[in-house]
Student: 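Please read through the structure below; I'll follow up with questions.
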Amino acid sequence: MLQQTRVDTVMPYFERFLARFPTPLALAEAPEDQVLAAWSGLGYYRRARMLHAGARVVADRAEMPRDREGLLELPGVGRYTAGAIASIAFEEPVGLVDGNVARVFARIFALEDDMRRAGMKRAEALAEELVPAKKPGDWNQALMELGATICTPRAPACERCPVASSCRARAEGRVDELPVMGEKAKPKPQRVQALVARTKDGRVLLARRQSSGLFAGLWEPPSIDGDESAGDELFGRFALASRALAGRVTHVLSHRRLTVDVHAAVLSKRPAGSALPAAYEALDLFDEAALDGLGISKLARKILAAAREAAASPGPLFDPKMPRARETGRRARARQS
DNA sequence: AACTCGGGGCT
DNA sequence: AGCCCAGAGTT
């Protein structure tokens, strides 16, 4: 859970997850839907699938690997995670480098290399060299904690730093220049058309995404990439009694900036199996109360909320027979007030 | 070596 | 509006 995610964000998920899946065996025996439901909202859902697969490996062998080499063989366990478990749980004297340690080393030793690329190798070699034989887990956690609380990316608290006198960047007045972080690609804009279709008795149509790619294995209102014309291809798969543009949702990922047109519709017939859109592997109808038990992305929740909001407060110009555009979000509310 | 994969909190 | 987070797997 801590891969690329802050401790404070993880904490409540961690508590719930361990209450629900207390042991590797309990996790291994759980259906994937329940694992993704417990992960719902945390992001990088491949981590959940990998952890699930890893639990199954451990359950099959009836044994947890107890050193770095064995841990590295588990799916989802890379160099950082293997080092963290080996040193903290099993007191193996191995180093580790996460974003915090990379920054701390870059400053203490004035490392010039790009820490997004080749610089990580230097940092890992240093970590391996410096880790003490006794309490290696405490050492590693102290390095990470120093980076998270004192040696922060911006405005580090050098006056409170216990190793400021050993810091080369500090001595050379280059704290703000280190670490060197190479350019990162900007998210690419992408348009999406989403369909929130309900039966007359209020159940909502969701589709489960295929097992690889974006939001793999999660349920969501079916959608298609592209502009309005792409939407027609999606809408045509279903028997719709009515349809209207309910709002627009934006969602930013590391590599994409999604703008989603949300279309609300009423189903006149139950969807046939042949209606399954590309990128999905299943289709089903759900009561509102059942959504909590599903793996659903934050984006999908935004889309559902936009459709609900449009239905609840149609606005002065609403005509149920006419398609309409409606803005949601801070800017629209500011304009209305 | 570059790209894919979420979401959030802080500046 | 950026930046980056207790990264791993795939191409």
Side-chain angles (χ1 to χ4, degrees), chain A residues 1-14 36 39-54 71-89 95-106 113-121 123-124 127 137-157 176 179-190 209-218 220 249-258 260 295-302 330-331:
Chain A
M1 285 183 171
L2 289 167
Q3 292 166 3
Q4 288 289 282
T5 308
R6 292 172 206 281
V7 175
D8 290 343
T9 301
V10 162
M11 209 75 83
Y13 284 90
F14 177 77
L36 287 173
W39 208 275
S40 183
L42 190 55
Y44 281 147
Y45 298 93
R46 180 166 55 187
R47 295 178 299 175
R49 303 158 65 82
M50 291 283 178
L51 183 61
H52 194 206
L71 289 161
L72 271 172
E73 294 174 6
L74 296 177
V77 177
R79 297 139 77 94
Y80 161 75
T81 304
I85 298 172
S87 66
I88 297 170
L96 61 77
V97 178
D98 71 335
N100 292 306
V101 177
R103 184 169 56 253
V104 168
F105 282 177
D113 309 295
D114 180 353
M115 293 309 289
R116 267 194 225 289
R117 303 175 49 188
M120 286 298 282
K121 292 285 185 189
E124 284 177 357
D138 285 0
W139 169 269
N140 284 330
Q141 290 188 77
L143 281 176
M144 292 188 282
E145 191 71 4
L146 184 63
T149 61
I150 305 284
C151 194
T152 49
R154 281 174 293 189
D176 292 332
V180 177
M181 299 291 270
E183 295 294 311
K184 202 175 152 191
K186 288 180 184 173
K188 293 176 186 172
Q190 180 179 330
R209 298 189 67 118
Q210 292 176 350
S211 59
S212 67
L214 193 63
F215 301 126
L218 301 188
E220 66 182 22
V249 165
T250 62
H251 195 69
V252 181
L253 311 178
S254 307
H255 59 308
R256 290 182 212 184
R257 176 184 178 81
L258 305 178
V260 183
I296 300 182
S297 69
K298 219 70 169 182
L299 172 57
R301 292 189 192 282
K302 281 192 202 173
R330 187 166 47 84
R331 187 180 302 179

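Small disclaimer: the values here were computed from a predicted structure and weren't measured. No hydrogens, no waters, no symmetry mates; every other heavy atom, side chains included, goes into these values. Naming convention: chains lettered A, B, ... in sequence-line order (proteins, then strands); numbering from 1 in each chain.
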Student: Once you round it to whole Å, what is the distance between P of C/dG7 and NZ of A/K184?
Tutor: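 That distance rounds to 12 Å.
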
Student: Using a cutoff of under 3.5 Å, can you pull out all pairs of nitrogen or oxygen atoms linking the protein to nucleotides 9-11 of chain B, with atom names and distances?
Tutor:
none

Student: Could you give the CD-to-C1' distance, from A/E124 to C/dG7, as a whole number of Å?
Tutor: 11 Å

Student: Could you walk me through whether A/T81 and A/Q3 pass side-chain hydrogen bond (donor to acceptor under 3.5 Å, both in side chains), step by step?
Tutor: CA-CA 8 Å; A/T81 304; A/Q3 292 166 3; 2.9 Å; yes

Student: Rounded off to whole Å, could you give me the CE-to-C1' distance for the A/M181 and C/dG7 pair?
Tutor: 12 Å

Student: Please list, by residue number, the residues of residues 97-106 of chain A whose heavy atoms come closer than 4.0 Å to an atom of DNA chain B; answer none if no residue qualifies.
Tutor: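 Per residue number, the list is empty: none.
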
Student: Which whole number of Å gives the distance between the P atom of B/dG6 and that of C/dT11?
Tutor: 16 Å

Student: Let me know the distance between CG of A/L71 and C1' of C/dG7, rounded to the nearest Å.
Tutor: 16 Å

Student: Look at the side chain of A/A148 and decide which nucleotide, out of C/dC4, C/dG7, C/dA6, has an atom nearest to it.
Tutor: C/dA6

Student: Which part of the nucleic acid, if any, lies within reach of A/M1 when heavy atoms closer than 4.0 Å are counted: base, sugar-phosphate only, or nothing?
Tutor: nothing

Student: What is the distance from CG of A/L299 to P of B/dG7, rounded to the nearest Å?
Tutor: 7 Å

Student: Measure the distance from CE on A/M144 to C1' on C/dA6 and round it to the nearest whole Å.
Tutor: 5 Å

Student: At under 4.0 Å between heavy atoms, which parts of nucleotides 1-6 of chain B does protein reach? Answer with one letter per nucleotide, 5' to 3': B base, S sugar-phosphate only, - none.
Tutor: SS-BBB

Student: Would you mind classifying the nucleic acid contact of A/R116 as base, sugar-phosphate or nothing, using non-hydrogen atoms under 4.0 angstrom?
Tutor: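 Touches sugar-phosphate only.
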
Student: Whole angstroms only, please: what is the CZ-P distance between A/R49 and C/dA8?
Tutor: 18 Å

Student: Measuring only the P atom in each nucleotide, how far is C/dA6 from B/dC5? A whole number of Å is fine.
Tutor: 23 Å

Student: Would you classify A/V10 as touching base, sugar-phosphate or nothing, given that sugar-phosphate means primed atoms plus P, OP1 and OP2, and contacts are heavy atoms under 4.0 Å?
Tutor: nothing

